[in-house]
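Down below is the structure, laid out as structure tokens.
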2 protein chains.
Amino acid sequence: MPDDAWSPPSVLLTVDLVILTLRDGRLHILLVERGEAPFQGMSALPGGFLNHGGEEILDAAHRELSEETALASSWVHLEELGVYGESGRDPRGRVVSVAHLAIAPGLPDPVAGTDAFDAAWIPANAVLSGEVELAFDHRRIARDGIEHARTKLEFSSLATAFCGTEFTIAELQHVYEAVWGTSLDTRNFYRKVQAAKGFIIPAGTDRRRTGGRPARLYRAGPKTILFPPLIRPTMSATEENTRGEEE
Amino acid sequence: MPDDAWSPPSVLLTVDLVILTLRDGRLHILLVERGEAPFQGMSALPGGFLNHGGEEILDAAHRELSEETALASSWVHLEELGVYGESGRDPRGRVVSVAHLAIAPGLPDPVAGTDAFDAAWIPANAVLSGEVELAFDHRRIARDGIEHARTKLEFSSLATAFCGTEFTIAELQHVYEAVWGTSLDTRNFYRKVQAAKGFIIPAGTDRRRTGGRPARLYRAGPKTILFPPLIRPTMSATEENTRGEEE
DNA sequence: GGAATAGTGTCTTTAAGACACTATCAA
DNA sequence: TTGATAGTGTCTTAAAGACACTATTCC
């Protein structure tokens, strides 16, 4: 299709990161304050341009992740979320962003990235509700990322990525409740996580706290796909999912 | 992060299309023969660079689709599949492709796009098996697209996009069988498509063929999400989905 | 014993899977 | 009546949802 002396338009590529974690039982997302125009002073997702020298997109995401969270990359689940490339989304020109989703276990209070940015964990709800405004189309990216995480929790063992190496079933339940924003029946939850063979495996040891029966500890099992899946209670049947208009 | 006199690297953006249809009961994918280097003469997915002037990515995908299939765009389901941007994937330089999945009802034999390309429907199996070689990383894109379609058939009403406006339940079953590559029990299939309320609605009329009882005709219903879903028989439980190595 | 947390068992309903025959039409 | 295609009904098993009590520890 290219003609003789025709050259295709080029675009700038960024990666943006939806980094989720649990803090005091609630789902939080990592936001940075933009230090420069455009949207200077506004909250935004961590991210940035690809490096020169043919950096891979996924490598760039890992680089941004460790720059923002100072977190050992191997600890963190990272996956592609989608492309955001509408022509009006960045006032600097045609900037196409590849969004990624990262799931981290709870981190120490100060985020303390190696970058100078002011970074903070913000409750996911504050972003979803629009209470916190984000630069660019980052609110939509954040929404998509959170929705993606919710769905992945149903069919994959992703939930364990929110926990440390060892965790109790109650902790795992709190992960599901926090991410889904629902509350679950303890008995059914125990039944289901244990029915999904390969999801969690007993660590042998117990964890004792002040008062109360000690909890058995588990580790993530070898399976990444849950069967049977843990379907979230909402939206199962009654919800709306009607097509727009017929032709 | 950009320094004072720093400018980010730019990339070329393409769209690639995995266009699937059913021909004589088998899943086919549209391939074109490349008219120029690189990979001249080799089969490839339809696609091309974005137009100048800030063309939207999805618009570019629609444009390529109609250039290749001469198909009314409103008939066709089109959605983003993912980004393919490994630095070595295109010898011309850093070319990042946004892959899309398109599902079309059976088309008349000659593809007859408006472009000069030699385009043809190839059985999906020939691509999956490697019997037909594709340029670039297009085999992986095709594999991902087919797998995506298979999964979407389980949870969405996508299957109707392979049919005309009116179709019989037997035809719908053939869609599932062709895309999944399995054979299904007729009775269970009838039960399930009818249990998923809003999936298909009776068109009132019958279709008569030569010999045999006339079949009731249906149209796509208003629901896009299937509940209960139609889970494919394979992979339900017994399959492997083990994590690579711990840590 | 009391407070705190961890863990379990049963019943009902829904949906999946397996399985073979009846219905309607044209020739 | 035969050939061809369309459509259906039952039983068993798997899993979801609802629901309340027992177990273990620390004080």
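Treat the numbers as computed from the prediction; the structure is a model and nothing was measured.
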Handout entry: Rounded distance in Å - CD (B:Q194) to C1' (D:dG7)
Key = 9 Å
Handout entry: Presence of salt bridge, A:K152 and A:E79, under 4.0 angstrom
Key = yes
Problem - Heavy-atom check, side chain of A:F189 versus side chain of A:L230, under 4.5 Å - result: yes
Handout entry: Non-hydrogen side-chain atoms of B:H100 and B:V15 separated by less than 4.5 Å
Key = yes
Practice task
Could you tell me whether A:R26 and A:E177 make a salt bridge, using a distance below 4.0 angstrom between a side-chain N and a carboxylate O?
Solution key: no
Problem - Whole-Å distance separating the CZ atom of B:R232 from the C1' atom of C:dA16 - result: 17 Å
Problem - Sidechain-backbone polar pair: B:D137 side chain, B:R140 backbone, donor-acceptor under 3.5 Å - result: no
Practice task
Assign a letter to each nucleotide of nucleotides 22-27 of chain C from its 5' end: B, base within under 4.0 Å of a protein heavy atom; S, sugar-phosphate only; -, no contact.
Solution key: -BBBS-
Problem - Separation of C:dA15 P from B:F155 CZ (nearest whole Å) - result: 15 Å
Practice task
Quick one: sort the B:W180 and B:Y176 rings into parallel, tilted or perpendicular, breaks at 30° and 60°.
Solution key: perpendicular
Practice task
Indicate yes or no: at least one non-hydrogen side-chain atom of B:P123 is less than 4.5 angstrom from one of B:H28.
Solution key: yes
Exercise for the section: Specify the separation, in whole Å, of atom OH of B:Y190 and atom P of C:dC21. Expected result: 19 Å
Practice task
Determine, for B:R139 against B:E131, whether the closest basic-nitrogen to carboxylate-oxygen distance falls under 4.0 angstrom.
Solution key: no
Problem - Where protein sits on nucleotides 9-15 of chain D, one letter per nucleotide: B base, S sugar-phosphate only, - none, heavy atoms under 4.0 Å - result: B-----S
Problem - Euclidean distance, atom CD1 of residue B:I169 to atom C1' of D:dT8 [Å, nearest integer] - result: 11 Å
Fill in the blank from the handout: Atom CG of B:L230 and atom C1' of C:dG17 are separated, to the nearest Å, by 13 Å
Problem - Short N-O contact, B:R207 and B:E171, less than 4.0 angstrom - result: yes
Problem - Rounded distance in Å - CD1 (B:I231) to P (C:dA15) - result: 13 Å
Completion exercise
Atom CD of A:Q173 and atom P of C:dG7 are separated, to the nearest Å, by 11 Å
